[in-house]
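Remarks on the structure that follows.
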Amino acid sequence: MSVIEQYARAHIITDEDLTDPGAVPVILRYDPETDPRSVRVGLPEPLPGPHEWTFSRALLEQGLRAPAESGDVRVWPLGRVQAVMEFHYAHGVSVVQFESKALLRFLRRTYMATEPVAR
C-alpha cells in the first residue's frame, strides 16, 4: 500500500490580518501503513498556526454529510458543492473551504488503498 497525496484548491480564512490569497493549494495526505485511520491536511505557509493537521478519516467522511467535530477540528458541508474545515489552535482559527468533490475523490482513493479492517 502506498501513500496517497492529493492537492486541492481551497480558500483559507484566518482570524489574522492577512491579505486574501484567493484559492491556494492544500495537500491532502493518507498513509495506510503509518496510520490507516487518519488523514492529514497540509496548509500553505505563511498562514499562522500549525501547517499540518491530522485527524480521523471518519471525521472527514461524516463532516461531508453533516457537521462533525473532534478536538480542534470541525468539518461541515456548505451547501451541495462545498465543505468547510475549521482548525483551532492556541492563538486563533483557520477556516478552509473546499469543493466537496475534491474531498470525496480523496476519500475514495483512501478507501481503495486499504484493505477492509477485520472486526
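Atom CH2 in W76 sits 10.0 Å away from atom CD in E69 (nearest 0.5 Å). The line from CD1 of I4 to CZ of F106 is 7.0 Å long, rounded to the nearest 0.5 Å. Atom-to-atom distance recorded for F55:CZ and R74:CZ is 13.0 Å, nearest 0.5 angstrom. The CG atom of L103 lies 6.0 Å from the CG atom of L28; values are rounded to the nearest 0.5 Å. Rounding to the nearest 0.5 angstrom, the gap separating the CG atom in L43 from the CZ atom in R40 is 13.5 Å. Atom CZ in R109 sits 9.5 Å away from atom CD in E5 (nearest 0.5 Å).
Looking at L59 and V73, their side chains come closer than 4.5 Å, going by heavy atoms from C-beta outward.
Scanning for side chain to side chain contact (heavy atoms under 4.5 Å, CB included) contacts around E99 gives K101, with sequence neighbours left out. Residues satisfying the side-chain hydrogen bond (donor to acceptor under 3.5 Å, both in side chains) criterion with D35, sequence neighbours excluded, are S38.
By the criterion of side-chain heavy atoms lying less than 4.5 angstrom apart, applied directly or through intervening Ile, Leu, Val, Met, Phe, Trp or Tyr residues, Y7 is not grouped with L60; the two fall into different hydrophobic clusters. Follow the hydrophobic side-chain contacts under 4.5 Å out from I27 and you never reach F98; the two are in separate clusters. Residue L64 is grouped with residue F87 when hydrophobic side chains (ILVMFWY) are merged at heavy-atom distances under 4.5 angstrom, including chains of intermediate members.
The minimum heavy-atom distance linking R57 with Y30 is given by the pair NH1-OH, 3.4 Å. Counting all heavy atoms, side chain and backbone alike, T110 lies closest to L107 at OG1-O, 2.7 Å. Minimum interatomic distance between S100 and A83 (heavy atoms only, all atoms of both residues): OG-N, 3.5 Å. Pairing each heavy atom of V3 with each of P32, the nearest pair is CA-CD, 4.4 Å. Here the shortest heavy-atom pairing between M85 and V41 reads SD-CG2, 3.9 Å. Pairing each heavy atom of W53 with each of H88, the nearest pair is CH2-O, 3.1 Å.
Applying the side-chain hydrogen bond (donor to acceptor under 3.5 Å, both in side chains) test between Q97 and each of E86, H11, Q82 identifies Q82 as the sole match.
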